[in-house]
Amino acid sequence: MIGDLTLDPTTHQVRVRGTLVHLTPTEFKLLQPLAANAGRVSTHRALLHEVWGSGYGADTQILRVFIAQLRTKLEMNPAEPEYILTEPSVGYRFRVPDES
């Protein structure tokens with residue numbers, strides 16, 4: 001559990017503020033390393049390699065699309081994300097509660 005978000009890797013279920021959120025298998029696979037590294041930056045390259053494989057190391061557009069989908073499903077206001085923060089030119093950081 002990270003703040004109001006609960007991720008269960010066994011059942012592949014995600015709950016936000018107690019509400020079950022349906023994620024595609026790819027969205028769940030992307031959310032896992034972000035949540036596992038909460039508070040630390042996950043680079044574009046590392047996320048692409050982990051979710052799509054080594055052939056996608058430079059395809060940041062696909063990553064942006066899936067991050068946007070996750071934000072739409074997880075965030076109260078996707079334009080001002082609470083959970084998945086962008087680290088410009090580097091990657092993304094899953095925000096730990098009370099972290100600025």
For this session: Establish whether Val16 and Met76 are linked, either directly or via other cluster members, by ILVMFWY side-chain heavy-atom contacts under 4.5 Å.
Result: no

Exercise. Hey, quick one: are Val41 and Ile84 part of the same hydrophobic cluster, counting side-chain heavy atoms closer than 4.5 Å, chains of contacts allowed?
Worked result: no

Considering only residues two or more places apart or on different chains, which pairs with a residue in [range] satisfy salt bridge (Lys or Arg N to Asp or Glu O under 4.0 Å)?
| range | result |
| --- | --- |
| residues 48-66 | none |
| residues 80-91 | Glu87-Arg93 |
| residues 22-34 | Glu27-Lys73 |

Rounded distance [0.5 Å steps], [atom1] in [X] versus [atom2] in [Y]:
| X | Y | atom1 | atom2 | value |
| --- | --- | --- | --- | --- |
| Asp4 | Leu74 | CG | CG | 11.5 Å |
| Leu31 | Leu23 | CG | CG | 6.5 Å |
| Leu5 | Phe94 | CG | CZ | 4.5 Å |
| Leu34 | Arg40 | CG | CZ | 11.5 Å |

Problem set entry | Pairing residues for Thr43 by the side chain to side chain contact (heavy atoms under 4.5 Å, CB included) criterion, not counting sequence neighbours | Arg45, Ala46, Val90

For this session: Identify, with sequence neighbours excluded, every residue that meets side chain to side chain contact (heavy atoms under 4.5 Å, CB included) alongside Gln32.
Result: Leu7, Pro9, Phe28

For this session: Determine whether Leu30 and Leu63 make a side-chain contact, defined as any pair of heavy atoms from C-beta on separated by less than 4.5 Å.
Result: yes

For this session: Answer yes or no: is there a side-chain heavy-atom contact under 4.5 Å between Ile67 and Thr86?
Result: no

Exercise. Does any donor atom in the side chain of Thr6 or Arg17 lie under 3.5 Å from an acceptor atom in the other side chain?
Worked result: no

Exercise. Where is the tightest heavy-atom contact between Pro33 and Ser42, given as atom of each residue plus distance?
Worked result: O-OG, 4.1 Å

Exercise. What is the ring orientation for Tyr92 with His44, classed by angle as parallel under 30°, tilted 30 to 60°, or perpendicular over 60°?
Worked result: perpendicular

For this session: Report the C-alpha separation of Val21 and Arg15 in whole Å, then their side-chain angles, then the decisive distance to 0.1 Å, and conclude whether the side chain to side chain contact (heavy atoms under 4.5 Å, CB included) test is met.
Result: CA-CA 6 Å; Val21 176; Arg15 292 183 183 276; over 6 Å; no

Problem set entry | Partners passing side chain to side chain donor-acceptor pair (under 3.5 Å) against Thr11 (at least two apart in sequence or in another chain) | Asp8

